[in-house]
Amino acid sequence: MPPPPPTARATSHLPSLPPPPASYNSLIRTYARSSVPSLKLEALRLYHSLLLDPSAPPPNRYTFPFVLKSCAFFSFFSEGSQLHSHVVKFGLACDTYVANSLVHFYSSCGKLACARKVFDKISEKSRVSWNVIIDACVTNGDYQEALALFREMQVEKFVPDIYTFQSVIGACTGIGSLSLGMWAHKLMLRSTDRELLLSDALVNNSLIDLYSKCGSIALARKVFDEMPVRDIASWNIMILGLAMHGLVDESIDYFTRMTSIEKLRPNAITFIAVLSACNHGGLVSEGKKYFDSMVNHYRIEPRIEHYGCIIDILARAGFIEEALETVSKMPCKPDAVIWRSLLDACCKKNAGLELSELLARQALEVKDDATSGVYVMLSRVYASANRWNDVALVRRLMSEDGVKKEPGFSSIELDDGTMHQFVAGDTCHPRSEEIYDNLQTIEKRLELQGYRPDSSQAPMIEGVAVVKGDSLRLHSERLAISFGLLTGAGPGRPIRILKNLRVCKDCHTMTKLVSQVYQAEIIVRDRIRFHHFRDGKCSCMDYW
DNA sequence: AATCGACTTG
C-alpha cells in the first residue's frame with residue numbers, strides 16, 4: 001500500500017499526538033515556512049495546542065514571528081489581532097523581530113494605520129523594520145509616505161537592500177513618475193552594494209515594471225536585456241509591458257522566444273499576459289489559440305482571470321453572443337469583472353437596453369469595490385437611448401446606495417520632475433486661469449479642423465453627472481493637456497499624462513487632433529494601457 | 001533559532 005500523502009498524515013495524527021514540549025517552536029517554524037497552504041494553517045493549529053498543553057513552555061519571541069507569518073498569508077485579521085494581545089501579555093511587545101512581524105501582518109490585512117502604530121513604537125528599529133513599513137505603505141497604495149519613510153531611513157543611516165529598493169521602485173511605479181523612478185535607479189547605481197542590487201532578479205523585475213508603467217518601454221527593454229538572470233516573472237512583466245504599449249506583435253514574439261528558444265515553461269500569469277496582448281490588438285482567433293494551448297498543451301487549469309481575458313477579447317471585438325456562451329460554459333461563477341466587461345462591450349456596441357440592464361443587474365449583485373463603474377456604464381446606455389429620466393434615476397440610485405464614486409484625475413509630469421494633478425473642473429492649480437484660456441484656444445483651433453464635441457458617450461464626467469449639452473472641456477485630461485502645451489511640449493518633448501480612469505471616446509478624438517495640430521507627442525497611461533498620440537494617430541489604433 | 005517577496009484580466 002502506498003504511504004499516505006504528507007499533508008494527510010500531518011493533519012490526521014498531529015492533534016491526537018502532542019509534540020514534545022520543546023519542539024513546538026521548530027514545528028511551527030517548519031509549517032509556517034512551507035509553501036503549502038494547509039501546512040501554513042497547521043502552524044496556527046499547533047500554536048493553539050501549545051497554549052492548551054500544560055507541559056509546553058509558553059510561547060516566546062521565536063514563536064510569534066512564524067504564527068504571524070501564517071496569519072499574514074491568510075489575511076486572518078482577528079486571529080492575528082488576538083496574537084497581538086498575546087504578544088503584549090507575554091511581554092514581547094518590545095522585541096524587534098516580533099514587532100516587525102506584527103507590522104507585516106497588519107500590512108497584509110490592509111491595516112496600514114495599525115502597522116504604522118506598531119512600527120512607531122519599535123525602540124530598536126532594524127533595517128527590516130524600515131523595509132516592512134515601507135513595503136506596507138506601497139502595498140496599501142500610500143506611495144508618497146513610502147518615499148518619505150525611505151528618506152527617514154536614510155537619515156537614520158540604514159543601508160537599503162534589495163527589499164528596500166524593490167518597495168521604493170514599486171512606490172515610484174505607483175506614482176507613475178519616470179523621473180522619480182530614474183532617481184531610485186541612480187541611487188542603486190551609486191550604491192556600494194551596486195553589484196549585488198543590480199544582479200538581483202527581483203530588483204530588475206521591478207525596474208522593468210517601473211519603466212514600462214511609466215511610459216518608457218525602451219528603458220524597460222534595456223533592463224531586461226542587461227539583467228544577468230531572468231526568471232519567468234521577468235518574461236511575464238516584459239510581455240505585459242509590450243502589450244500595454246500596444247506593441248502586440250513584439251509582445252507575442254517575446255512569448256515565442258521564451259517558450260521556443262529559452263525553453264521556459266509558461267505559467268498561469270504568462271497566459272494572462274499573452275491573452276492581454278491579444279486583447280489589446282483585437283486578435284480574437286490568436287487569443288482562442290493561446291487559451292486552447294494553455295489548457296491542452298501546457299495543462300494549465302484556466303482560472304477565472306483567464307476566462308475573464310477571453311470573454312473580454314470576444315466581447316470587445318463585438319462577439320457578444322460568443323462571449324455570453326463562454327460565460328455559460330465556464331465551470332466557475334462569473335465575477336463582477338466579467339459582467340462589467342460584457343456590459344462595457346454592450347455600451348460600445350449599443351447592444352440593446354434589455355441585455356445591458358440584465359448585465360448591470362448581474363454586475364451589481366456581486367459586491368465588490370468597483371460598483372460605481374457599473375452605474376456610470378448604465379447611465380451611458382440610457383443616455384444613448386435618449387432615456388434621460390433613467391439617467392437621472394441611476395444618479396439617484398447611486399447616491400441612495402451610497403456608492404463611492406471613484407473621482408477621476410489626470411496628472412502630468414514635467415521635465416523638472418514635478419507632478420501636477422487635475423480633477424474634473426479643477427480650479428486649484430496656480431495657473432488655472434491660463435489653463436482654461438488656453439483650452440478655449442485649443443478647442444477653437446480644433447473646431448477649425450472640423451472637430452465637434454460628442455458628449456453621447458459620457459453622461460457622467462469622471463463620476464460626476466453632467467447636464468446634457470454641457471461641454472466636455474472639464475474632463476481632467478483636457479486640463480492636463482492644456483497645461484502640458486503651456487509648458488512648452490513639442491517635438492522630442494512629449495506630454496506624459498497618467499489617468500486613473502479610461503480615456504473616453506471624445507477625449508481620444510480630441511487628443512489625436514491636438515497631436516496633429518500642435519505637432520506634440522502625447523503619452524497617456526489610462527487605467528489599463530498606454531496611448532501614444534502622434535501626428536493625429538494613436539498607438540491603440542482606436543481599439544481600446 | 002527568526003522577521004520583509006512579485007508579475008493579473010476590467
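Each chain gets a letter, A, B and so on, in the order the sequences are listed, and its residues count up from 1. These values consider heavy atoms only, across backbone and side chains, with no hydrogens, waters or symmetry-generated copies.
Taking Asp135(A) as the reference, nothing meets the salt bridge (Lys or Arg N to Asp or Glu O under 4.0 Å) condition, with sequence neighbours excluded. Judged as a salt bridge (Lys or Arg N to Asp or Glu O under 4.0 Å), and not counting sequence neighbours, the contacts of Glu226(A) are Lys222(A). With sequence neighbours excluded, no residue satisfies salt bridge (Lys or Arg N to Asp or Glu O under 4.0 Å) with Glu357(A). Applying the salt bridge (Lys or Arg N to Asp or Glu O under 4.0 Å) test to Glu286(A) and every residue at least two apart in sequence or in another chain returns nothing.
Side-chain polar atoms of Thr63(A) and Asn60(A) form a donor-acceptor pair below 3.5 angstrom.
Whole-Å rounding puts the Leu342(A) CG to dG10(B) P distance at 13 Å. In this structure, the CG atom of Leu314(A) is 14 Å from the P atom of dG10(B), given to the nearest Å. Following rounding to the nearest Å, Tyr290(A) (OH) and dT9(B) (C1') show an atom-to-atom distance of 17 Å.
No contact: Arg529(A) has no heavy atom under 4.0 Å from any strand.
Paired with Met227(A) under the rule side chain to side chain contact (heavy atoms under 4.5 Å, CB included), one option of Leu207(A), Leu198(A), Asn205(A) passes, and it is Asn205(A).
Of the side-chain N and O atoms in Arg340(A), none sit less than 4.0 angstrom from OP1 or OP2 of dT9(B).
Within 6.0 Å of atom CD in Glu321(A), 12 or fewer heavy atoms from other residues, nucleotides or ligands are found, so the atom counts as exposed in its surroundings.
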>> Walk along nucleotides 2-7 of chain B from 5' to 3' and tag each nucleotide B, S or - by protein heavy-atom contact under 4.0 Å, base first, then sugar-phosphate.
In response: BBBBBB
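Near-neighbour residues of DNA chain B inside residues 300-309 of chain A, defined by a heavy atom below 4.0 Å, number-ordered: Arg303(A), Glu305(A), Gly308(A), Cys309(A).
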>> If you apply the rule side chain to side chain contact (heavy atoms under 4.5 Å, CB included), what do you find for Asp161(A) with Phe165(A), and how did you get there?
In response: CA-CA 6 Å; Asp161(A) 63 2; Phe165(A) 274 110; over 6 Å; no
